[in-house]
Amino acid sequence: MKSAERTRYLASLAISVLLALLVGALIMLATGHNPLEGYGALLAGAFGDERAIGNTLYKSAQLCITGLATAVASSSGIFNVGGEGQMFLGALASAWLGTLLKGSSPWIAVPACFLIAILAGAIYAWIPAVLKIKLKINEVITTILMNSIAIFFCTYMANGPLKTAERGVNQGTDALDKAFRFPRLIRSSNLTETIFWIAVISLFVWYLMSRTTTGFEMRLTGQNSRFARFAGLKAETLGILGMLISGAMCGALGMFETFGLQSRFKPDFSNEFYFDGMLVAMIMKYKPLGTILMSFFFGALKMGAVTMQSRTGISSELILIVQSIIIFFMAAEEGIMASIKARRTVRKAAMTLSKEVTG
Amino acid sequence: MDWSTVFSLSTLTNTINTATIVILAGLGCLMTDQAGMMNIGIDGMMTFGAFAAVIGSWACASWEMGLLFALAVGLVLGAFYGLFVIRFKSDEFIIGVALNIFAAAMTTFMLRSIPGQKGSFHPATGAVIKLPTITIAGMNFSMMVPLSWLLVLLAWIMIYRTPLGFWLHASGEHPDSLRSVGRSPEKMKYLASLMCGALCGLSGAYLSLGYLSTFTENMSASRGYVAVACVIFGRSNPPLVFLAALLFGFIDAAGQRMQGVVDPYLTAALPYVGTILMMVILALRQTRRKKAH
């Protein structure tokens, strides 16, 4: 991006975010709440104490890995809306292997579970990628429908064949060996050691996307697959590679959730995490660095919203509303600017033309 | 398994009832598709329509008002979609997906803002008035069922037998030729978006006032995406889209019938598997035909 263009983009992003938060405040007013109180509770929930900060950090990491998963697929030309399903399969596969390996050394078991999780996610992402590239089947529809399929399948497994015999657990697999679990970094917060793993994966993906030729070729494919093909790139392989990485990341997050927070696979472990991260990546136009940075902002909003809901009764869905409104604002701004630019060019052309005629 | 229960009269009514959701939304999606826009956002339009219908029907104690609310909300969303995709030239997939997420979040938020309501709408006073029913061949259907059949016929006539349908198609395929005969392709596209919104509003109203009699969070259950798949499968031809929707409805209904034998979580996934298979089969046939040429 040219620097003038980047400044304009950042300015429009800042304005869109502020306006969207303002709309959020108006919605609070309309539903009979005090916006200051609402946003106050949100801030306290995000940064109030050590536990809150830990929760916010973990939420940011979640958004970061899912956001980058969207970004890496989108930049190579495939819109992965199916991360939720890929995450569910990763979680279930790792929990299944984890219970099988019960009692063995964590140095073997944990990497093995990680591998099977990323494999499950990647394979599930590979299917829509191949359907898109070989058969031109729209990936948005297939991935969204495959989400439902994966969630129903995993719920079935956790209620049926893999259901634990443990009492008091109405759905879920057997509890994982304590030695396999990731310890918490801050007591009673969601922050577990998985944050280091997520950081490493995110750095790797950022490096791949913005500092390697593969990343450059992927972006080229995403922007113009025909041109990329003329330039001698294997557009098809690159598109599939993007989806494989994306699915693997989602699968990995599924394992982190299961081995970090939940201690077993539970079909209700995710509250549509993937879509939150996807929206962050969409807002940041699939730029890896921007997505990473923006994750912290939305991580704070998301986590704070939970406290806001419990303290003031304002539903935490408000943040999802704010996120989608930011997308609308930025799309509108872009459209308005483009039409002004087009009008200006037309006017300029008309002026030079009239000068030539009169002169 | 007892196959006679799978192929029974109640499976037939279930098939038709479920298919009607997809038929109405599919007709909406088909209008925008004819005008060269792939509207992924119909799922969100349905969700909003379902919510507006329930609130209208309950607040005014009349199903007519519920229907009117749903139509109005649908038209507003159609205009909104048109504004972004036609005027601002935004990416139609991004706007569609954002619209769906926005709709799910907004309706959930509004529902929870009503005191005492969470998950689904159960008012303490008053009641949600359902759409009237009609008896056809001894079976009870919501009035929306025969209406959807009529709309399929009307849509077919409009698209293939009137100049309007011709212009609609031209606005997507050859906008410059349309402009050269003095018609605005933008206006045609807006018209398509508005019709799409209205039809999705109807689909939502049927969902919450016919198929069920309440609003539940995320009640469209990705059926909007199924409708998009049916439009692709039916190549935007109303009767073919109708058949595709019936096929989806049948898989759904047969799945419900099999629940005694097969796990209900697995049967719930069946319609989505079926929809993807439908798309794969169609695509395979098309590529084979292309190779034959």
Side-chain angles (χ1 to χ4, degrees), chain A residues 27 30-33 79 81 127-128 131 134-138 140-161 267 272 275-276 278-279 282 309 313-328 330-336 338-339, chain B residues 38 40 43-44 80 83-91 93-115 118 217-218 221-222 224-226 228-229 232 262-276 279-280 282-284 286-287:
Chain A
I27 293 176
T31 48
H33 296 280
F79 193 4
V81 198
I127 300 170
L131 290 181
K134 299 278 183 223
L135 295 176
K136 309 253 174 302
I137 299 178
N138 185 297
V140 177
I141 300 163
T142 47
T143 49
I144 248 266
L145 296 178
M146 285 173 76
N147 277 343
S148 304
I149 297 171
I151 293 171
F152 279 126
F153 173 73
C154 293
T155 314
Y156 158 72
M157 293 302 275
N159 282 288
E272 308 205 321
F275 294 102
D276 298 334
M278 186 179 87
L279 283 176
M282 283 163 80
Q309 178 167 330
I314 303 167
S315 168
S316 63
E317 302 282 325
L318 186 77
I319 299 310
L320 215 50
I321 299 174
V322 168
Q323 270 181 309
S324 39
I325 288 178
I326 295 174
I327 294 182
F328 291 137
M330 291 190 59
E333 189 265 357
E334 210 169 84
I336 292 166
S339 71
Chain B
M38 174 58 86
I40 295 281
D43 204 69
F80 182 84
L83 182 71
F84 278 89
V85 172
I86 303 160
R87 181 77 214 280
F88 299 152
K89 298 191 171 53
S90 309
D91 185 308
F93 286 106
I94 289 184
I95 291 301
V97 170
L99 184 64
N100 291 340
I101 293 176
F102 175 71
M106 194 72 193
T107 49
T108 302
F109 183 87
M110 289 192 288
L111 179 72
R112 290 183 186 173
S113 301
I114 306 168
K118 200 185 171 193
E217 288 170 12
N218 294 322
S222 298
Y225 290 94
V226 172
V228 178
I232 295 171
V262 187
D263 191 276
Y265 289 114
L266 288 183
T267 55
L270 262 184
Y272 303 108
V273 177
T275 308
I276 292 179
M279 291 176 80
V280 172
L282 175 78
L284 277 175
Q286 276 175 345
T287 44

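As the structure is a computational prediction, the values presented were derived from the model and not from experiment. Throughout, protein chains are lettered first and strands after them, A, B, ... in sequence-line order, and every chain is numbered starting at 1.
- Contact count versus chain A (heavy atoms, under 4.5 Å) is highest, among B:Val280, B:Asp43, B:Asp91, for B:Val280.
- Not counting sequence neighbours, A:Asn147 has no partner by the side chain to side chain donor-acceptor pair (under 3.5 Å) test.
- For the atom pair CD1 (B:Ile101) and CD (A:Gln323), the distance works out to 8.0 Å, reported to the nearest 0.5 Å.
- Most heavy-atom pairs under 4.5 Å with chain B, from the set A:Ile327, A:Thr31, A:Ile144: that is A:Ile144.
- Heavy atoms of B:Ser222 lying under 4.5 Å from chain A belong to its backbone as well as its side chain.
- Both the backbone and the side chain of A:Met146 come within contact range of chain B, judged by heavy atoms closer than 4.5 Å.
- Here the CG atom belonging to B:Leu266 is positioned 11.5 Å from the CD1 atom belonging to A:Ile149, to the nearest 0.5 angstrom.
- Taking 4.5 Å as the limit, some side-chain heavy atom of A:Ile336 sits within range of a side-chain heavy atom of B:Phe88.
- We find the NZ-CG distance between A:Lys134 and B:Leu284 to be 13.0 Å, quoted to the nearest 0.5 Å.
- Counting heavy-atom pairs closer than 4.5 Å to chain A, the top-ranked of the candidates B:Arg87, B:Lys89, B:Met106 is B:Met106.
- Across B:Tyr265 and A:Tyr156, no two heavy atoms sit closer than the pair CB-CB, 3.6 Å.
- The structure places CZ of B:Phe109 at 5.5 Å from CD1 of A:Ile321, a figure rounded to the nearest 0.5 Å.
- Taking A:Ala338, A:Ala332, A:Gly335 one by one and counting their heavy-atom pairs under 4.5 Å with chain B, the maximum is reached by A:Ala332.
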Stepwise side-chain contact (heavy atoms from CB on, under 4.5 Å) test for B:Met279 and A:Leu135: CA-CA 10 Å; B:Met279 291 176 80; A:Leu135 295 176; over 6 Å; no
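- Scanning for side chain to side chain donor-acceptor pair (under 3.5 Å) contacts around A:Ser324 gives an empty result, with sequence neighbours left out.
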Worked check of side-chain contact (heavy atoms from CB on, under 4.5 Å) between A:Ser315 and B:Lys118: CA-CA 10 Å; A:Ser315 168; B:Lys118 200 185 171 193; over 6 Å; no
Check against side-chain contact (heavy atoms from CB on, under 4.5 Å), A:Val81 and B:Phe93: CA-CA 11 Å; A:Val81 198; B:Phe93 286 106; over 6 Å; no
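- Interface remark: B:Ile40 contributes side-chain atoms only to the contact with chain A (heavy atom separation under 4.5 Å).
- For the options A:Thr142, A:Ile151, A:Asn159, heavy-atom pairs under 4.5 Å to chain B are most numerous at A:Asn159.
- Using a 4.5 Å cut-off between heavy atoms, B:Phe102 contacts chain A through both its backbone and its side chain.
- In this structure, B:Tyr272 and A:Phe152 have parallel ring planes: the angle between them is below the 30° cut-off, well short of the 60° mark.
- Separating the CD1 atom in B:Ile94 from the CE atom in A:Met282 is a distance of 5.0 Å, to the nearest 0.5 Å.
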Intermediate values then yes/no, side-chain contact (heavy atoms from CB on, under 4.5 Å), B:Ile232 and A:Ile141: CA-CA 10 Å; B:Ile232 295 171; A:Ile141 300 163; 3.6 Å; yes
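- For A:Ile137, the part lying under 4.5 angstrom from a heavy atom of chain B is the side chain only.
- Counting all heavy atoms, side chain and backbone alike, B:Ala105 lies closest to A:Glu317 at CA-OE1, 3.5 Å.
- A:Val140 has its side chain out of reach of B:Met38: every pair of non-hydrogen atoms, C-beta onward, lies at least 4.5 Å apart.
- Distance check, rounded to the nearest 0.5 Å: OG1 of B:Thr108 to CG of A:Leu320 gives 9.0 Å.
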